[in-house]
Engineer: 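Submitted below is the structure of interest, expressed as structure tokens.
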2 protein chains.
Amino acid sequence: MNTYTIAEVSAKFGLPISTLRYYEEIGLLPNVARDGKNRLYNQDNLDRLAAICCFKDTGMTLKELQTLFQYEDQDHDLNEVVDLLQTHCRRVEDQLVLLKENQRHIRRKLQYYTDIRDAQLNHQPHPDWNDYPLSKF
Amino acid sequence: MNTYTIAEVSAKFGLPISTLRYYEEIGLLPNVARDGKNRLYNQDNLDRLAAICCFKDTGMTLKELQTLFQYEDQDHDLNEVVDLLQTHCRRVEDQLVLLKENQRHIRRKLQYYTDIRDAQLNHQPHPDWNDYPLSKF
DNA sequence: TCTTTACCTCAAGTATACTTGAGGTGCTAG
DNA sequence: CTAGCACCTCAAGTATACTTGAGGTAAAGA
């Protein structure tokens with residue numbers, strides 16, 4: 001089976017080496033094999049790491065991730081795993097809605113300042129914020 | 001003009017009172033009027049606070065927000081404001097893409113564990129992870 | 001043989017974003 | 001008049017998620 005050095009994994013995932021060691025230390029990324037003292041990551045480790053990144057990037061704390069993996073690993077009551085995942089799914093849904101709305105606000109502001117700048121360049125009158133309704137974005 | 005107490009603003013935005021004071025202290029939320037010692041927020045303050053929340057929720061740090069507002073407030077070179085907003089817009093776009101992809105992974109995992117649970121309940125054979133391609137989510 | 005490179009451990013330090021606590025003011029309801 | 005509430009300041013404390021540093025090993029290239 002293919003294995004990877006810590007430097008390779010670091011590059012693959014864009015995570016600092018120190019972070020990989022940290023995740024292992026707190027038990028999030030267990031069962032990393034060794035060649036002497038040096039870590040050797042296998043596909044399982046990479047899959048786990050991908051899951052960590054996915055959940056972390058969607059707003060789970062490392063503590064919650066520890067709980068989730070604990071539930072997954074020791075074949076714990078599956079209802080708890082499903083519950084946790086469902087809750088998180090809903091959180092992600094909410095994030096998506098909020099993110100899209102925030103995106104509209106930011107685009108609107110960008111458009112406004114871009115127009116002000118262009119108006120200044122062309123010695124035109126300044127645009128009016130009231131002409132930038134959210135419905136346009 | 002309508003004004004609001006700190007408790008009202010806290011409720012409106014779902015932010016702790018301590019956070020409102022903190023934002024003011026670090027200069028993010030300036031020009032809050034006082035009735036004696038007590039803060040009174042006006043519409044401008046609320047607009048600024050809404051902007052803070054919007055940018056913060058899309059991943060800007062408070063330091064970056066300070067820079068942005070500095071650029072906006074002292075009518076600084078507008079190119080810098082536009083640049084900052086453009087960069088942030090791109091970051092939000094990236095977040096959206098990543099969030100959607102992560103959502104697919106999470107839904108897939110949720111479906112998988114739901115199916116395992118249901119299989120256990122019905123004494124059916126366990127599903128196979130390979131039957132859960134990302135393309136289905 | 002030297003030294004550079006790539007790792008290692010373990011303890012302590014750091015950045016960000018708040019939160020908490022001590023001690024105090026000023027209005028209002030009983 | 002006094003109790004309680006809503007607010008205040010300022011300094012110190014905290015949670016999360018890492019990062020850094022000191023001191024060391026082991027193998028590979030010059």
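Letters A, B, ... mirror the listed sequences (proteins, then strands); counts begin at 1.
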Engineer: Mind checking salt bridge (charged side-chain N to carboxylate O under 4.0 Å, His left out) for A:Arg108 and listing every partner two or more places apart, or none if nothing turns up?
Structural biologist: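 If we apply the salt bridge (charged side-chain N to carboxylate O under 4.0 Å, His left out) test to A:Arg108, skipping adjacent residues, there are no hits.
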
Engineer: Tell me, please, which residues at least two apart from A:His88 pass ring-ring contact (aromatic ring centres under 6.0 Å, His included).
Structural biologist: A:Phe55

Engineer: Let's see if you get this right: which residues in residues 54-62 of chain B place a heavy atom under 4.0 Å from DNA chain C?
Structural biologist: B:Lys56, B:Thr61, B:Leu62

Engineer: Quick one: list whatever passes side chain to side chain donor-acceptor pair (under 3.5 Å) with A:Asn130, sequence neighbours left out.
Structural biologist: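 Side chain to side chain donor-acceptor pair (under 3.5 Å) check on A:Asn130 returns A:Asp128.
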
Engineer: Which residue in the set A:Lys109, A:His105, A:Glu101 passes side-chain contact (heavy atoms from CB on, under 4.5 Å) when paired with B:Cys54?
Structural biologist: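 Exactly one option meets the side-chain contact (heavy atoms from CB on, under 4.5 Å) with B:Cys54, and it is A:His105.
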
Engineer: Below 4.0 Å from chain A heavy atoms, what is the first contacting nucleotide of DNA chain C and what is the last?
Structural biologist: C:dC7 to C:dT9

Engineer: Taking only residues two or more places apart in sequence or in another chain, which ones pass ring-ring contact (aromatic ring centres under 6.0 Å, His included) with A:Tyr41?
Structural biologist: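 Scan of A:Tyr41 (ring-ring contact (aromatic ring centres under 6.0 Å, His included), adjacent residues dropped) gives none.
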
Engineer: Any pair with a residue in residues 2-21 of chain A that passes side chain to side chain donor-acceptor pair (under 3.5 Å), sequence neighbours left out, goes on the list, sorted by first then second residue, please.
Structural biologist: none

Engineer: May I ask you to test the A:Arg48-A:Asp44 pair for a side-chain heavy-atom distance under 4.5 Å?
Structural biologist: no

Engineer: Which residues in residues 22-50 of chain A have a heavy atom closer than 4.0 Å to any atom of DNA chain D?
Structural biologist: A:Tyr22, A:Tyr23

Engineer: Would you check if B:Leu85 and B:Val81 make a side-chain contact, meaning some heavy-atom pair closer than 4.5 Å?
Structural biologist: yes

Engineer: Tell me which residues in residues 7-20 of chain A lie within less than 4.0 Å of DNA chain D, going by non-hydrogen atoms.
Structural biologist: A:Pro16, A:Ser18, A:Thr19

Engineer: Would you say A:Gln95's side chain and A:Thr58's backbone share a donor-acceptor pair under 3.5 angstrom?
Structural biologist: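 Present.
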
Engineer: Would you please name every residue forming a salt bridge (charged side-chain N to carboxylate O under 4.0 Å, His left out) with A:Arg104, sequence neighbours left out?
Structural biologist: none

Engineer: Pairs of donor and acceptor atoms involving the side chains of residues 22-30 of chain B, under 3.5 Å and at least two apart or interchain, shall be tabulated with distances.
Structural biologist:
from    : atom 1 : to      : atom 2 : distance (Å)
B:Glu24 : OE1    : B:Arg39 : NE     : 2.6
B:Glu24 : OE2    : B:Arg34 : NH2    : 2.6

Engineer: If a pair satisfies side chain to side chain donor-acceptor pair (under 3.5 Å) and one of its residues is in residues 110-119 of chain B, list it, with sequence neighbours excluded.
Structural biologist: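 Matches after skipping sequence neighbours: A:Glu72-B:Tyr113, A:Asn79-B:Arg117, B:Gln111-B:Asp115, B:Asp115-B:Tyr132.
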
Engineer: Phosphate oxygens OP1/OP2 of D:dA6: is one of them under 4.0 Å from a side-chain N or O of B:Thr5?
Structural biologist: no

